[in-house]
*Asks:* 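I have a structure here, written as structure tokens, and I will follow up with some questions on it.
What you see below is based on every heavy atom in this structure, not just the backbone, and it leaves out hydrogens, waters and symmetry mates.
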There are 2 protein chains.
Amino acid sequence: MITLSEENYLKTIYHLESREGNAVSTNAIAEKIETKASSVTDMLKKLAEKNLITYIKYKGVNLTKEGKLTAVDIIRKHRLWEVFLVDKLNFSWDEVHDVAEQLEHIKSQKLINELDAFLKFPSHDPHGDPIPDKNGQIQRTAKIVLSMAQIDKTYTCVGVLDSSSEFLKYLDKHKIGIGTEIEVKDKEEFDQSMTLKINKKEMVMSKSITNNIYVKAHNEH
Amino acid sequence: MITLSEENYLKTIYHLESREGNAVSTNAIAEKIETKASSVTDMLKKLAEKNLITYIKYKGVNLTKEGKLTAVDIIRKHRLWEVFLVDKLNFSWDEVHDVAEQLEHIKSQKLINELDAFLKFPSHDPHGDPIPDKNGQIQRTAKIVLSMAQIDKTYTCVGVLDSSSEFLKYLDKHKIGIGTEIEVKDKEEFDQSMTLKINKKEMVMSKSITNNIYVKAHNEH
DNA sequence: ATATTTTTTTAGTCTTGTCTAAATTTTATT
DNA sequence: AATAAAATTTAGACAAGACTAAAAAAATAT
Ligand SMILES: [Mn+2]
Ligand SMILES: [Mn+2]
Ligand SMILES: [Mn+2]
Ligand SMILES: [Mn+2]
């Protein structure tokens with residue numbers, strides 16, 4: 001049996017590993033989980049003992065195949081519950097994360113598969129993140145951060161990198177969400193701030209914002 | 001903060017208290033929770049410390065007003081989740097309990113109130129048990145166990161006392177559920193077994209079964 | 001009223017997951 | 001290459017929640 005705490009470690013390691021590429025450090029995990037490095041070391045020994053990670057002292061960790069499958073399954077549950085909360089229970093996208101953190105640990109294969117069907121097999125969660133399928137396959141779509149976009153091209157918002165409540169509320173305030181069209185009018189060399197046309201109005205965004213919005217270029221024809 | 005384990009104790013004490021009336025014994029709790037009496041004693045001290053129960057050594061426990069409110073809130077969540085699982089996710093009434101045992105501990109006021117609305121404010125769970133409202137009020141309906149029913153009268157099944165998977169499957173097998181009409185044809189003095197007309201067919205039920213079915217008499221006119 | 005049985009509590013131990021402080025290893029700097 | 005700094009691990013402690021074995025209290029039987 002895998003515990004709630006172990007599940008949280010696996011999920012965190014998965015996210016860090018897919019961002020960094022190489023082995024994940026003790027401190028990086030500690031920071032994400034908001035715990036002390038020594039607690040992380042203790043847990044890493046347990047996860048290695050259960051063959052969920054490969055752990056070399058002082059060298060960091062990587063998920064094993066089994067660890068990865070477990071992590072992806074938790075992420076699948078997290079994202080499906082987020083869809084449920086937004087689509088069926090009138091939650092806004094900045095309210096779902098904390099509840100999904102709890103719901104992702106409910107253990108029932110039937111529950112999650114029926115939920116998936118009930119929601120009509122959604123491909124993405126409310127933040128634009130892809131939902132792994134029953135077998136752990138993740139369908140990745142091409143996307144770039146808005147800060148990398150080119151002047152005079154038009155894009156569609158397909159997701160967010162920062163999905164903190166504060167950032168999402170900023171987007172709400174400016175009526176920006178998944179599917180919103182964004183036309184790049186200008187980019188300031190000095191601070192990389194961008195002038196954008198959104199909802200027929202022009203606005204300026206600093207780099208700390210454009211860095212956290214994922215967009216997809218419109219198909220040329 | 002109240003822990004998952006504490007919630008389970010409160011819920012158990014509530015059920016025992018409402019069945020027995022008087023103070024609840026350590027052993028009774030231990031048996032329900034499937035733990036040892038010594039573990040129960042430990043927990044009772046903690047709950048008393050938090051003013052959720054009144055506990056007198058060797059004399060058993062009772063819930064305080066606050067303890068009762070907490071217990072009822074957990075029962076509300078449990079039963080609402082059971083309705084969700086049956087009505088929306090194609091669970092049958094013998095499959096829902098274990099999952100609801102997990103879901104009842106999810107902490108989010110908004111979640112449970114929205115779920116309630118999404119389900120159209122159901123009054124009873126799939127086993128015929130009443131769902132407490134937002135304020136902890138429980139609407140109790142008059143009902144008797146089938147074994148107490150009178151010959152030649154007609155009743156409607158409104159609930160079950162034993163909601164174990166085994167018993168519910170027995171009922172399914174004979175196409176008996178909430179709302180099923182039951183006409184009492186005869187009652188054997190010797191073993192109290194009853195001859196009933198259900199779904200246009202006659203059948204005999206032993207007392208151990210009729211003791212676990214709740215019915216309501218049809219209104220005479 | 002005494003003795004026996006049952007119930008409940010206490011004492012001491014264990015596991016999980018966390019912490020602080022100290023020791024060790026690795027990495028960066030001179 | 002030696003030293004300083006940063007990262008990581010180890011050692012020892014603690015709280016929650018459970019357990020076993022023993023002691024104490026309450027209930028029952030003689
Ligand atoms: Mn989330
Ligand atoms: Mn998300
Ligand atoms: Mn139930
Ligand atoms: Mn029920």
*Asks:* With a 4.5 Å limit on heavy-atom distance, are the side chains of A/Val145 and A/Tyr214 in contact?
*Replies:*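 The answer is yes; the side chains approach within 4.5 Å.
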*Asks:* List the atom of B/Leu44, the atom of B/Ile53, and the distance in Å for their closest heavy-atom pair.
*Replies:*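 Heavy atoms only, the tightest pair is O-CD1, 3.4 Å.
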*Asks:* What are the atom names and distances for every N/O pair under 3.5 Å that joins the protein to nucleotides 10-16 of chain C?
*Replies:*
from   : atom 1 : to      : atom 2 : distance (Å)
C/dT10 : OP1    : B/Lys57 : NZ     : 2.5
C/dT10 : OP2    : B/Lys45 : NZ     : 2.8

*Asks:* Can you give the first and last nucleotides of DNA chain D, 5' to 3', that have an atom under 4.0 Å from a heavy atom of chain A?
*Replies:*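 With heavy atoms of chain A under 4.0 Å away, the range is D/dA7 to D/dT10.
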*Asks:* Which residue, B/Arg79, B/Arg76, B/Lys77, B/Lys134, forms the salt bridge (Lys or Arg N to Asp or Glu O under 4.0 Å) with B/Asp116?
*Replies:*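 By the salt bridge (Lys or Arg N to Asp or Glu O under 4.0 Å) criterion, B/Asp116 pairs with just one of B/Arg79, B/Arg76, B/Lys77, B/Lys134: B/Arg76.
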*Asks:* To the closest 0.5 Å, what do you measure between NZ (A/Lys36) and OG (A/Ser38)?
*Replies:*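 It is 8.0 Å, given to the nearest 0.5 Å.
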*Asks:* Counting only side-chain nitrogens and oxygens, does A/Ser39 get under 4.0 Å of the OP1 or OP2 atom of C/dC19?
*Replies:*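 Yes, within the criterion.
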*Asks:* Using the closest heavy atom to pick a nucleotide of DNA chain C for each, name whichever of A/Lys59 or A/Tyr9 lands nearer the 5' end.
*Replies:*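 Nearest-nucleotide comparison on DNA chain C picks A/Tyr9.
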*Asks:* Does a side-chain heavy-atom distance below 4.5 Å link B/Asn212 with B/Val160?
*Replies:*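 Side-chain contact under 4.5 Å: no.
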*Asks:* Round to the nearest Å and state the distance from A/Ile33 atom CD1 to C/dT18 atom P.
*Replies:*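 After rounding, the reported distance stands at 8 Å.
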*Asks:* Is the positively charged end of B/Lys88 above the ring of B/Phe118, judged by distance under 6.0 angstrom from the centroid and angle within 45° of the axis?
*Replies:*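 Because its charged atom sits under 6.0 Å from the ring centre and within 45° of the axis, B/Lys88 does stack over B/Phe118.
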*Asks:* Out of curiosity, A/Met205 CE to A/Ser147 OG, how far, rounded to the nearest 0.5 Å?
*Replies:*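 With rounding to 0.5 Å, CE (A/Met205) is 11.5 Å from OG (A/Ser147).
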*Asks:* Provide the closest heavy-atom pair for A/His124 versus A/Val83 in the form atom of the first, atom of the second, distance.
*Replies:*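 Heavy atoms of A/His124 and A/Val83 come nearest at O-CG2, 3.6 Å.
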